[in-house]
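Just so it is clear, the structure is predicted and the values come from calculations on it, not from any experiment. Here is how names work: the chains are called A, B, and so on, in the same order as the sequence lines, proteins then strands, and each is numbered from 1.
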Amino acid sequence: MIIEEMTADNYAKVCKGVIIRYSFAETLFGRVIVASSLLGVCFLGFCDIQESGLNELKSRFPKNSFEEGADEFQMAALSLLQPGKQGRAEVRLHLKGTSFQLKVWKALLSVPQGSVTTYSQIAQLIGSPKAVRAVGNAVGKNPVSLLIPCHRVICSNGLPGGYHWGADRKKCILEWERKQVEVC
DNA sequence: GCCTATCGTGATG
DNA sequence: CATCACGATAGGC
């Protein structure tokens with residue numbers, strides 16, 4: 001997995017007005033919208049109603065214009081969501097976020113499928129053991145759900161915690177991943 | 001820049 | 001269950 005990182009400042013300079021392509025697809029856990037810039041996938045989120053997904057995309061990238069259509073980046077990302085595929089290397093991500101957020105998101109990538117971590121563990125991993133609350137915030141702003149496994153983070157007391165796309169969906173995904181690992 | 005509200009938290013009583 | 005401190009962000013001014 002290749003990650004193209006960009007802060008808000010950089011993004012404004014480099015990607016102002018650039019067209020972002022988006023398309024919709026079905027996954028095991030619901031309909032998703034996937035979007036990509038010239039550099040890679042920049043957004044992936046669940047959307048039971050297509051319009052709401054599109055609205056969320058637009059609000060995250062207010063300075064861009066949009067056009068419906070699929071491309072290689074999107075296809076590669078989507079193939080990761082299908083069972084049995086492990087070709088994680090060929091996927092390109094284009095992430096816009098603060099340096100803190102980027103650190104958190106990269107830390108999430110080290111959480112293997114089928115296991116979970118906690119907000120405080122992530123905080124320690126990135127060297128700010130006290131910044132638990134902030135970690136929760138950053139995790140919740142993950143623009144590419146599933147690709148960056150933000151759903152594998154739970155509360156340290158064992159409760160599932162929240163999920164941007166619905167707590168029940170989070171449980172559902174975790175359950176499915178747990179079973180996948182058993183099979184292997 | 002400062003002030004404030006807002007979190008996908010965690011610890012305490 | 002109520003409350004508080006925590007760190008980072010976004011938005012209003």
Side-chain angles (χ1 to χ4, degrees), chain A residues 1 3-18 20 27-35 37 41-49 52-64 66 77 80-81 93-178:
Chain A
M1 171 132 39
I3 301 182
E4 196 70 43
E5 306 174 19
M6 219 167 259
T7 62
D9 285 349
N10 262 335
Y11 191 89
K13 282 179 201 157
V14 179
C15 296
K16 188 173 78 175
V18 165
I20 289 179
T27 72
L28 287 169
F29 311 108
R31 198 164 188 69
V32 295
I33 179 174
V34 52
S37 69
V41 171
C42 57
F43 182 71
L44 191 155
F46 293 101
C47 59
D48 296 323
I49 328 170
S52 68
L54 190 51
N55 283 339
E56 173 146 12
L57 172 65
K58 286 180 177 171
S59 68
R60 289 207 192 215
F61 301 94
K63 301 284 188 188
N64 292 87
F66 303 88
L80 273 192
L81 309 184
L93 261 39
H94 180 195
L95 301 181
K96 180 180 73 160
T98 65
S99 59
F100 182 84
Q101 288 167 339
L102 291 166
K103 262 196 292 188
V104 171
W105 296 337
K106 280 187 291 188
L108 288 181
L109 290 174
S110 67
V111 183
Q113 186 180 50
S115 70
V116 292
T117 185
T118 66
Y119 295 99
S120 48
Q121 278 180 42
I122 295 289
Q124 292 181 24
L125 204 55
I126 64 175
S128 319
K130 294 171 312 232
V132 232
R133 197 74 177 81
V135 166
N137 240 327
V139 170
K141 296 218 172 105
N142 168 31
V144 281
S145 48
L146 298 173
L147 299 179
I148 289 180
C150 58
H151 52 275
R152 291 181 202 148
V153 191
I154 61 175
C155 293
S156 56
N157 59 15
L159 290 176
Y163 192 47
H164 190 66
W165 314 102
D168 49 343
R169 177 135 44 196
K170 180 177 187 172
K171 281 185 289 186
C172 186
I173 298 171
L174 287 173
E175 176 70 10
W176 181 83
E177 288 191 335
R178 201 178 52 71

Quick check for you: to the nearest 0.5 Å, what is the distance between [X] atom [atom1] and [Y] atom [atom2]?
{"X": "A/N64", "Y": "A/I20", "atom1": "CG", "atom2": "CD1", "answer": "4.0 Å"}
{"X": "A/L146", "Y": "A/R152", "atom1": "CG", "atom2": "CZ", "answer": "9.0 Å"}
{"X": "A/K58", "Y": "A/E56", "atom1": "NZ", "atom2": "CD", "answer": "13.0 Å"}
{"X": "A/F61", "Y": "A/C42", "atom1": "CZ", "atom2": "SG", "answer": "4.0 Å"}
{"X": "A/L44", "Y": "A/S145", "atom1": "CG", "atom2": "OG", "answer": "5.0 Å"}

Which atom pairs, one a donor and one an acceptor, fall under 3.5 Å between side chains of residues 119-127 of chain A and the rest of the protein, sequence neighbours left out?
from   : atom 1 : to     : atom 2 : distance (Å)
A/S120 : OG     : A/T118 : OG1    : 3.3
A/Q121 : OE1    : A/T117 : OG1    : 3.1

A/K16 side chain vs A/K63 backbone, donor-acceptor pair below 3.5 Å: no
Side-chain donor/acceptor of A/R60 to backbone N/O of A/F43, under 3.5 Å: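 The answer is no, because no donor-acceptor pair under 3.5 Å joins these two groups.
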Heavy-atom contact window of chain A on DNA chain B, given 5' to 3' at under 4.0 Å: B/dC7 to B/dG10
Chain A contact limits on DNA chain C, taken 5' to 3' with a cut-off of 4.0 angstrom to heavy atoms: C/dC6 to C/dT9
Sorted by number, the residues of residues 125-142 of chain A with heavy-atom contact under 4.0 Å to DNA chain C: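 A/K130, A/A131, A/R133, A/A134, A/N137, in order of number.
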Secondary-structure stems, DNA chain B, at least 3 Watson-Crick or G-U base pairs under 3.5 Å: B:1-7 with C:7-13, B:9-13 with C:1-5
Aromatic centroids of A/F29 and A/W176 separated by under 6.0 Å: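 Yes, the ring of A/W176 comes within the 6.0 Å limit of the ring of A/F29, centre to centre.
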side-chain hydrogen bond (donor to acceptor under 3.5 Å, both in side chains) pairs, two or more places apart, involving residues 96-109 of chain A: A/E5-A/K106, A/T98-A/Q101
Salt bridge (charged side-chain N to carboxylate O under 4.0 Å, His left out) involving A/D48 - partner list, sequence neighbours excluded: A/R169
Please tabulate, for side-chain N and O atoms in residues 132-144 of chain A, each donor-acceptor pair with protein atoms closer than 3.5 Å (sequence neighbours left out).
from   : atom 1 : to     : atom 2 : distance (Å)
A/N142 : OD1    : A/V144 : N      : 3.0
A/N142 : ND2    : A/V144 : O      : 3.4
A/N142 : ND2    : A/I148 : O      : 3.0

Positions of residues 159-168 of chain A (non-hydrogen atom under 4.0 Å from DNA chain B), listed by number: A/G162, A/Y163, A/H164
With sequence neighbours excluded, residues passing ring pair (Phe, Tyr, Trp, His ring centres under 6.0 Å) with A/F100: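 Ring pair (Phe, Tyr, Trp, His ring centres under 6.0 Å) list for A/F100, sorted by chain: empty.
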Residue list, ring pair (Phe, Tyr, Trp, His ring centres under 6.0 Å) with A/H151, at least two apart or on another chain: none
A/I49: side chain to side chain contact (heavy atoms under 4.5 Å, CB included) partners, not counting sequence neighbours: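 Per chain and number, A/I49 pairs via side chain to side chain contact (heavy atoms under 4.5 Å, CB included) with A/S52.
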